[in-house]
Every structure is written in structure tokens, then in C-alpha cells.
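Read through the structure below, which is laid out as C-alpha cells, and then see the notes.
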Amino acid sequence: GACINSDIRAMIVTGPAGIGKSHGVNLQMEKASMFDKLAGKKVRFEVVKGAMSGIGLFAKLYKFSDAKNVLVFDDCDSVFADDLALNILKAALDSGKSRKICWNSDSSLLNREGIPNSFEFKGSAIFITNLKFENIKSKKLQDHLEALQSRCHFLNLTIDSDRDKMLRIKQVDRDCEGGLFSDYDFNDGQDKEIFDFMEENAHKLREISMRMALKIADLFKIQKNDNWKMLAESTCMRRV
């Protein structure tokens, strides 16, 4: 919400996979843009996933360069490994009043899309990543990333203990409309059975994540009685 209101220019959300980083950000974006959708206005945010080149990043920033627009980069770790892309991001998120971004060479892509070689970026950006910046070995990229972090609010959702991971999954379940298993037509008691099973076997599960909860829910749905537990033990657990 703060990003859509332009109160915050940029945020990095980091932490392990499967704890609801993307869900939490997308939920807030959907809430903040609800009135735009009802009024038939252009949605002011977009989620970008996958690989992103420098020129692709430049074009995307231009299309969402107006104030109160937000770009969410979800698992776009290639941006953090590209010298050119990082320079563009540093310009886009600079702390100065005017954030001018330039592309210093001729580009058929920009010409084709009608994108100028320079523009002022007034929007905001959110980066969702599993990447541990301190593990980047390249000194040059480390310098870039430090400069980027200094321009961003940094939210670290690193959760180490099994108990805390389960608490996080339950929190996401409470925040979801209809709960995490809304597509399964479970009742509250059945939801609890799945969470209880995960907590009892947390030390044996291959991972503790929302994806794992949904895998177990699939088994619960197709197997009667307690057969789902036997199947989950075979497919979702490590051999301890």
C-alpha cells in the first residue's frame, strides 16, 4: 500500500521459498488496486517473473513510470546478476527528486515500442527473492547490490525453526480469503488435520512450506480414511 501511494520507492523482500512472500505482497497490491478495478481504470501494478534483460527492464520501467505505479519483481534474480540491469535500477530508485533513466544506444525494441531513450521514473518497485545477497562472490556485483539495498527498505523473512515456519503458514492461511485450502472445499476440522499432521512430522517433511501443505491437501482429497497419511509419509517425507 505504501508503495502504491509513493510513500516508499522500493522494497526488497527476502527469505526462504514457500513461506508466502509472494502471497503477502500480491494480497496487498490487490487490496490497494481494488477501487481502480471497480472503476474500470488501468491497474497500476504488475508482477514480473522470470529472466529480465537490461533492455527489457528499461521498457518495463517506462510502462510503469507514472507516480503510484508499482512493479513487483518476483523471483527475477537475473536482474541482480546483470551489471547493466543493476545500473538501471539504481537510477530508477535513486534518492534524488528526479529519477531520470537513460538508454545510451540505439535500440530497435525501443523504437518499435515507441519508448524514448530517456524518461523520468516516478513509480515504485518491490523485489521478492530467495537470494542471499551476502553469498554473491563478485565484488563488482556486491558493490551494485549494496547501492541497491541502500535505496530500498529491506524486509528479511528468514525463518529458521520448524515451529516458526508452521506459524507463518498458518498466518498466511488466516489472511487468505477462504483459507489456504479454499479450492478444496474442506471444513475447519479437515484444515486442522493437515496442519496437525505437518506439525507432528515437521522434522521428517522434505520441506515446511505452503507448497508442501497443498501437496498434502491433494492427498487428503483423493485418499479416504487415513490412507492419505500413509501416502504422505511415502511421498513427502525424508527417510530419517
Side-chain angles (χ1 to χ4, degrees), residues 11-34 45-52 72-81 126-136 154-240:
M11 176 176 287
I12 296 173
V13 182
T14 185
I19 61 165
K21 298 188 301 299
S22 301
H23 168 79
V25 171
N26 290 341
L27 183 65
Q28 292 304 315
M29 291 294 105
E30 291 287 351
K31 284 181 179 178
S33 62
M34 186 183 302
F45 83 94
E46 181 175 317
V47 178
V48 181
K49 294 194 174 192
M52 175 69 67
V72 180
F73 296 92
D74 190 357
D75 198 22
C76 289
D77 291 350
S78 59
V79 170
F80 299 125
I126 298 175
F127 305 92
I128 305 172
T129 179
N130 305 332
L131 191 67
K132 292 185 177 180
F133 287 4
E134 63 272 17
N135 291 347
I136 300 295
F154 198 90
L155 179 59
N156 190 338
L157 295 179
T158 297
I159 297 173
D160 295 319
S161 73
D162 292 344
R163 178 180 179 275
D164 286 344
K165 288 177 183 177
M166 282 303 308
L167 287 172
R168 171 62 182 163
I169 293 169
K170 287 182 176 182
Q171 179 188 31
V172 173
D173 177 60
R174 288 192 300 272
D175 291 343
C176 280
E177 185 176 350
L180 189 60
F181 307 119
S182 58
D183 294 335
Y184 292 84
D185 296 323
F186 292 159
N187 59 43
D188 290 341
Q190 291 172 320
D191 289 6
K192 186 174 184 302
E193 276 192 73
I194 293 171
F195 288 135
D196 286 349
F197 176 81
M198 291 184 69
E199 287 177 328
E200 290 166 10
N201 297 281
H203 63 294
K204 292 188 285 187
L205 288 172
R206 295 184 186 279
E207 66 176 17
I208 301 173
S209 66
M210 292 197 303
R211 282 187 285 270
M212 179 59 75
L214 295 173
K215 284 179 185 178
I216 295 173
D218 288 336
L219 302 178
F220 188 101
K221 187 173 182 179
I222 64 175
Q223 293 290 321
K224 295 180 180 179
N225 302 321
D226 278 346
N227 290 344
W228 65 273
K229 292 183 179 180
M230 296 173 59
L231 196 53
E233 289 172 1
S234 300
T235 62
C236 300
M237 294 186 189
R238 299 185 299 266
R239 293 186 178 183
V240 180

I would like to know whether Phe181 and Phe220 meet side chain to side chain contact (heavy atoms under 4.5 Å, CB included); could you show each step before the answer? CA-CA 11 Å; Phe181 307 119; Phe220 188 101; over 6 Å; no

Between Arg174 and Gln171, a side-chain donor and acceptor under 3.5 Å: no

Minimum heavy-atom distance Ser78-Gly50, with the two atoms named: OG-O, 4.2 Å

Hey, is CZ on Arg206 packed in by over 12 heavy atoms from elsewhere, all under 6.0 Å? yes

Just by modelled atom types, is the Gly179 backbone N or O under 3.5 Å from a matching donor or acceptor in the Asp173 side chain? no

Give me the atom names and distance for the closest heavy-atom approach of Lys165 to Ile208. CB-CG2, 3.8 Å

Could you walk me through whether Val72 and Ile128 satisfy the side chain to side chain contact (heavy atoms under 4.5 Å, CB included) test, starting with their C-alpha distance in whole Å, then the side-chain angles of each, then the deciding distance to 0.1 Å, before giving a yes or no? CA-CA 7 Å; Val72 180; Ile128 305 172; 3.7 Å; yes

Asp226 (side chain) donor-acceptor with Lys229 (main chain) under 3.5 angstrom: no

Kindly say whether Asp75 contributes a backbone atom to a donor-acceptor pair with the side chain of Thr129 at under 3.5 angstrom? no

Does a side-chain N-to-carboxylate-O contact under 4.0 Å join Glu199 and Lys170? yes

With no hydrogens and no angle check, do the side chains of Asp218 and Tyr184 hold a donor and an acceptor under 3.5 Å apart? yes

More than 12 heavy atoms of other residues, nucleotides or ligands under 6.0 Å from CE of Met230: yes or no? no

